Amino acid sequence: KLGGSLQNVLKRIAGAGRIDERTVSELVKDIQRALLQADVNVKLVMKLSKRIKERSLKEKPPAGINPREHVVHIVYQELIDIIGRSSDIKLGKQTIMMVGLQGGGKTTTTVKLARYFQRKGLKPAVICVDTFRPGAYEQLKTLCERIHVAFYGEAGNSNAVEILKHGLPQIEKYDVKIIDTAGRHALESELIQEMEDIYEIVKPDHKFLVLDAAMGQQASEQAKAFNNSIGITGIIISKLDGTAKGGGALSAVSETDSSIAFIGAGETPEDLEKFEPDRFISRLLG
Amino acid sequence: LIIDEKSIEKPLWDLEIALLESDVAIDVADEIIATIKTNLIGSKRKIQQKSKSVVEQALEDALLKVVSVNQLNFDEIISKAKKPVHIVFIGVNGTGKTTTIAKIANRLKKQNYSVVIAAGDTFRAGAIDQIELHANKLGLKLIKHQEGADPAAVVFDSIEYAKARHIDVVLSDTAGRMHTNINLMDQLKKICRVAPPDFVIFVDEAVAGNDAVERAALFNTTVPFDGCILSKTDADSKGGAAISIAHTTGKPILFLGVGQEYDDLITFDPHWLVERLLN
Ligand SMILES: Nc1nc2c(ncn2[C@@H]2O[C@H](COP(=O)(O)OP(=O)(O)OP(=O)(O)O)[C@@H](O)[C@H]2O)c(=O)[nH]1
Ligand SMILES: Nc1nc2c(ncn2[C@@H]2O[C@H](COP(=O)(O)OP(=O)(O)OP(=O)(O)O)[C@@H](O)[C@H]2O)c(=O)[nH]1
Ligand SMILES: [Mg+2]
Ligand SMILES: [Mg+2]
């Protein structure tokens, strides 16, 4: 189940009859390194490695399981504990609000989500309330037209709340309403306020935080801020088609007490999959 | 007193953690700490100096050295260059290339240079609209073709236009692309072959973690860049990516993006970054 380089490490202790402290320490160091390289939060990595080490030394492997398999299983269990659950996305009427940092992939993911529900036989509609970024309206409108999804936006209007007041009644008859918002980060207080205002009007069923797979140690702080502001119900990791491992998603999940809903791995509307913990973990430890 | 390995083990570990928490990639942090360790062991410290402060000073010096590598004066380069100077902006998706071009264009305009912008992202939805809005706001000429056109042709046309009209600077935007996408990286090479740049700027974001190393290295191998602009440093990022990129490529950081407005661009100051990173 684990990735390549960690497999090699484990092969080294394959022959070990019983696992001694030194072997475990070396193994944990390698796991620590793999997790840090994958952008998992430093404090979380330290906490995880301590637990993995303690459990590996103290727990007896179940009958028939050799010590090496036992350590692998412990690592796997600890990670599954954090992100093992894939969000439960119902295939019915709902409103979804997309939020996240600048450039993280919200607009592209909004269209991917619309496509996902469209393929499942539902009627999606998208509203653009990014009144800030030049060309945001054109970008989302074009993408929606390409997949024949209903789109509402007001090109000249700089007031997101107004656009929603006009737009929400217009898309009332659609099954899944997706609201794309402007990028923002924790320190932009006016933008955080705007996000809260949007939330108040929309009262969405889902608030998805779109997180770039390459995000580093900031993932934890940003997820926390977004969660404190409007409450995040799911994480979507974008750009997993590069070399980034998406380790920031671990903290995002624990900070928001939610789960990973989807992963995006490409620029087209088809490049969205439901999150699968096993594949993600094996890539994380690669 | 001679510094021995044991006395600096813990301070070095604490500092490595500090680097990692500041978004310095682990390979880079390991190498920097290892170098410091080798240099310090066996060297002398004064009796009243604590090992911890010697190590901290060594780290500050090492970081400054990494991030001051091959420092360039962008303003001087532009002023001395034969016109039109052609600058191409490259990087992975969403890092801030288009916005950074607008900031640089704004800066050059304030310095009384004539500037033309090439809408070299002919792929992404709304890309041409986005850069056109910036060009209009800045009162600058934009060269564009229709969406889906060959980006090399757009950039080539912009150079021809600049030569004919005696324009000082051409800023070429390119589509964001994954460093692992062979076809897109080949396309980038083609753009630079058809319309050779005088200067290539790699735009990456301060919020990127370990992947900053991968992408900087691969972009630098494919289309060697002359300098880097690190965007989104205002997102409370300690900016460790600057260390990762400078260490991996040996190329200098030119500017930092500190917000979404045209004026949110500051000249890179190694001391400012290192001080912020270590605190
Ligand atoms: N390769 C790849 N590119 C992606 C993915 N998701 C988004 N992108 C690209 O990333 C860039 C930014 O995407 P956007 O959807 O504009 O990001 P955003 O969060 O809406 O940006 P702002 O609205 O400015 O905050 C674009 O070039 C997208 O095509 C992905 O999964 N893989
Ligand atoms: N806070 C902040 N946001 C920035 C900064 N630079 C760019 N952005 C934002 O990041 C988002 C993406 O910027 P773009 O200029 O579209 O990025 P890009 O690299 O051209 O994206 P693609 O062409 O899709 O690859 C936009 O919302 C910008 O406003 C910065 O320094 N600080
Ligand atoms: Mg957007
Ligand atoms: Mg762009």
Side-chain angles (χ1 to χ4, degrees), chain A residues 32-43 45-46 101-108 111 132-146 182-188 191 212-219 221-222 225 238-239 241-248 265-267, chain B residues 16-27 29-30 92-99 102 123-134 136-137 147 175-181 204-215 218 231-232 234-238 240-241 244 259-260:
Chain A
Q32 206 173 70
R33 197 152 204 303
L35 293 174
L36 287 170
Q37 237 259 338
D39 292 320
V40 179
N41 180 277
V42 175
K43 288 200 167 56
V45 172
M46 296 310 152
L101 254 66
Q102 286 92 349
K106 295 174 293 301
T107 302
T108 310
V111 179
F132 179 78
R133 171 173 155 153
Y137 170 91
E138 289 81 355
Q139 180 187 12
L140 192 49
K141 181 164 191 279
T142 304
L143 290 171
C144 286
E145 281 172 352
R146 282 184 194 163
R184 70 201 78 224
H185 59 70
L187 297 179
E188 293 168 320
L191 294 181
D212 189 322
M215 179 143 239
Q217 294 296 311
Q218 277 298 309
E221 278 308 301
Q222 298 297 333
S238 68
K239 308 182 203 171
D241 50 312
T243 44
K245 307 266 178 56
E267 293 187 78
Chain B
E16 171 138 26
I17 294 292
L19 288 179
L20 294 175
E21 287 186 321
S22 303
D23 272 332
V24 176
I26 185 162
D27 288 342
D30 281 352
V92 304
N93 307 72
T95 56
K97 297 174 293 302
T98 305
T99 309
F123 171 73
R124 205 205 70 213
I128 298 175
D129 295 292
Q130 180 184 10
I131 199 162
E132 185 157 35
L133 284 161
H134 281 306
N136 292 343
K137 214 163 164 207
E147 197 176 287
R177 68 203 65 224
M178 280 303 169
H179 43 298
T180 44
N181 187 318
D204 212 335
E205 51 200 351
V207 291
N210 281 268
D211 208 45
V213 167
E214 283 308 303
R215 49 216 219 181
L218 261 171
S231 68
K232 310 180 196 173
D234 52 305
D236 193 25
S237 173
K238 289 282 191 87
S244 306
Q260 304 185 84

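Source: prediction; values computed, not measured. Per chain, numbering begins at 1; letters A, B, ... match sequence-line order.
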Q: Taking side chain as everything from C-beta outward and backbone as N, CA, C, O, which of these in Ala208(B) sits under 4.5 Å from a heavy atom of chain A? Side chain, backbone, both or neither.
A: both
Q: Looking at His179(B), Arg124(B), Glu132(B), which one has more heavy-atom pairs under 4.5 Å with chain A than the rest?
A: Arg124(B)
Q: Find the one option among Ala241(B), Gly126(B), Ala235(B) whose heavy-atom pairs under 4.5 Å with chain A are most numerous.
A: Ala235(B)
Q: With chain B, which of Glu138(A), Met215(A), Gln37(A) has the greatest number of heavy-atom pairs at distances under 4.5 Å?
A: Gln37(A)
Q: Counting heavy-atom pairs under 4.5 Å with chain A, which one of Val207(B), Ile131(B), Ile128(B) comes out on top?
A: Val207(B)
Q: Using only atom types and a distance under 3.5 Å, with no angle test, would you say the side chain of Asn210(B) pairs donor to acceptor with the backbone of Leu36(A)?
A: yes
Q: When heavy-atom pairs shorter than 4.5 Å are enumerated against chain B, which of Arg146(A), Arg184(A), Met46(A), Gln102(A) gives the highest number?
A: Gln102(A)
Q: Heavy-atom distance under 4.5 Å to chain B: side chain of Asn41(A), backbone, both or neither?
A: neither
Q: Side chains of Asp234(B) and Glu188(A): does their closest heavy-atom pair fall under 4.5 Å?
A: yes
Q: Nearest heavy-atom pair of Asp39(A) and Asp211(B): which atoms, and what distance?
A: OD2-N, 4.3 Å
Q: When rounded to the nearest 0.5 angstrom, what is the spacing between CG in Leu19(B) and CD in Gln217(A)?
A: 11.5 Å
Q: Write down the atom of Asp236(B), the atom of Gln218(A), and the distance for their closest heavy-atom approach.
A: O-NE2, 2.9 Å
Q: Heavy-atom pairs under 4.5 Å with chain A - which of Gln260(B), Lys137(B), Met178(B), Lys232(B) has more of them than the others?
A: Gln260(B)
Q: Using a strict cut-off of less than 4.0 Å between a Lys/Arg side-chain nitrogen and an Asp/Glu carboxylate oxygen, indicate whether Lys239(A) and Glu205(B) qualify as a salt bridge.
A: no
Q: Counting only N and O atoms by type, is there a donor-acceptor contact under 3.5 Å from the side chain of Glu214(B) to the main-chain atoms of Ala244(A)?
A: no
Q: Output the option from Ala213(A), Gly242(A), Ser238(A) having the highest count of non-hydrogen pairs under 4.5 Å with chain B.
A: Gly242(A)
Q: Can Gln139(A) and Asp129(B) be said to form a side chain to side chain contact (heavy atoms under 4.5 Å, CB included), step by step?
A: CA-CA 8 Å; Gln139(A) 180 187 12; Asp129(B) 295 292; over 6 Å; no
Q: Can you see which heavy atom on Arg215(B) is nearest to which on Ala214(A), and at what distance?
A: NH1-CB, 3.3 Å
Q: Sort Glu147(B) into side chain, backbone, both or neither according to what part of it lies under 4.5 angstrom from a heavy atom of chain A.
A: side chain
Q: Among the options Thr95(B), Thr98(B), Thr180(B), Asn93(B), pick out the one with the most heavy-atom pairs lying under 4.5 Å from chain A.
A: Asn93(B)
Q: Given a strict heavy-atom distance threshold of 4.5 Å, which part of Leu133(B) is in contact with chain A: side chain, backbone, both, or neither?
A: side chain
Q: Determine the option with the most heavy-atom pairs under 4.5 angstrom with chain A, choosing from Val213(B), Asp30(B), Thr99(B).
A: Asp30(B)
Q: Can you tell me if Phe123(B) has over 12 outside heavy atoms packed within less than 6.0 Å of its CZ?
A: no
Q: Identify which part of Glu145(A) has an atom lying under 4.5 Å from any heavy atom of chain B, answering side chain, backbone, both or neither.
A: neither
Q: Which region of Tyr137(A), side chain (C-beta onward) or backbone (N, CA, C, O), has a non-hydrogen atom less than 4.5 Å from a non-hydrogen atom of chain B, or is it both or neither?
A: neither
Q: Please classify the contact of Asp27(B) with chain A as side chain, backbone, both or neither, using a heavy-atom distance under 4.5 Å.
A: both
Q: What part of Leu140(A) lies closer than 4.5 angstrom to a heavy atom of chain B: side chain, backbone, both or neither?
A: neither
Q: For chain B, which candidate among Ala136(A), Pro134(A), Gly135(A) shows the most heavy-atom pairs at distances under 4.5 Å?
A: Pro134(A)
